[in-house]
Amino acid sequence: MSNFILRKAEPKDVSDILRLIKELAKFEKMEEQVILTEKELLEDGFGDHPFYHCVVAEVPEDKQSSDGYTVVGFAMYYFTYDPWIGKLLYLEDFYVMKEFRGYGIGSDILKVLSETAVKTRCSSMHFIVAEWNKSSIEFYKRRGASDLSDEEGWRLYAIDKDDLLKISAKKL
Amino acid sequence: MSNFILRKAEPKDVSDILRLIKELAKFEKMEEQVILTEKELLEDGFGDHPFYHCVVAEVPEDKQSSDGYTVVGFAMYYFTYDPWIGKLLYLEDFYVMKEFRGYGIGSDILKVLSETAVKTRCSSMHFIVAEWNKSSIEFYKRRGASDLSDEEGWRLYAIDKDDLLKISAK
């Protein structure tokens, strides 16, 4: 089954996008952490200023998944800025439903993303991978990816909403 | 000397922004890697679709730095998207010139960024810190920052331009 197309996501896709986000979160053992809604995905992705972009993989009706879906894979990305080199493409989520793997969908998605990055004059594509996700690490390394956390010792930090509110409220 | 203001960067600031980017890169032992130009900073930050935002710290003329500058600190940030929770503010660069530290400029900048994050309905502010940068790690931890690389085992990867071209051409 090599019968699939890749296309830019449209507003009608937000339901499938959320479904796939949840499936990927489940794979990462984090499913209960997805609190994003279809409404937010719609506003944030298809308003005047999109905060993310999506590519989706779709199969024909007669090739639908066992649970009845035709949108079987996606990648979510946005543009970031490196103060040393400029624009970067940041790959945030990338997932193909299990029953549709092995047909080149993932490779094709990465190709489309690479073309997008080059076309928009990005110097690099960045993304994070969980250190336990060996198969994904291999997939990316085969395509030239290097582990910046290893090479440069960078560690990702977060200040969450409650602490942001505390900081905002502080008198200085 | 507590005499400074914080303001949104304007097109006229790109020269100072690039200077401070280079100073920070020097501190990170990476100065030769800054190939960005003022022209790109101008197009990318002040066009129809800004790819980054900046806050700058400015002192009066009579308080200028020993090398004659009045823009003495900056933070560069942009908005990212977490598929589980939505919008995030991503703090990319954050630097105050050495002779102007200890006056609360850094704290005030972080306050402005936090307010911006809350106002734009971001769930969190993310940023990376080099694991050897103990004083910065302390600065952030005092304000509630947690090390996601530790907690969640995330590692940052890159596929650079030459490999992107190879993949595109496949």
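Basis for what follows: all heavy atoms, side chains included, without hydrogens, waters or symmetry-related copies. Naming convention: chains lettered A, B, ... in sequence-line order (proteins, then strands); numbering from 1 in each chain.
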Partner chain A: residue of B:Leu89, B:Leu36, B:Ile17 with the largest heavy-atom pair count (under 4.5 Å):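 So the answer, after comparing B:Leu89, B:Leu36, B:Ile17, is B:Leu36.
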Scored by heavy-atom pairs under 4.5 Å with chain A, the best of B:Leu41, B:Asp93, B:Ile35, B:Thr80 is B:Thr80
[X] versus chain A, heavy atoms under 4.5 Å apart: side chain, backbone, both or neither?
{"X": "B:Phe51", "result": "both"}
{"X": "B:Leu24", "result": "neither"}
{"X": "B:Asp82", "result": "backbone"}

_Working note: A:Tyr52 + A:Tyr78, criterion ring-ring contact (aromatic ring centres under 6.0 Å, His included); need CA distance, chi angles, decisive distance, verdict._
CA-CA 5 Å; A:Tyr52 70 87; A:Tyr78 41 81; 8.7 Å; no
Is a salt bridge present between B:Glu138 and B:Arg142, judged by a nitrogen-to-oxygen distance below 4.0 Å?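 No.
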ask   = If you measure from the Lys or Arg side-chain nitrogens to the Asp or Glu carboxylate oxygens, is any gap between B:Lys111 and B:Asp108 under 4.0 Å?
value =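 Judged by the 4.0 Å cut-off on N to carboxylate O distance, B:Lys111 and B:Asp108 do not form a salt bridge.
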Item checked: Proximity of A:Phe27 and A:Tyr95 rings by center, below 6.0 Å -> no
B:Tyr69 reachable from B:Tyr103 in the ILVMFWY side-chain graph, under 4.5 Å edges: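 No, no single cluster joins them.
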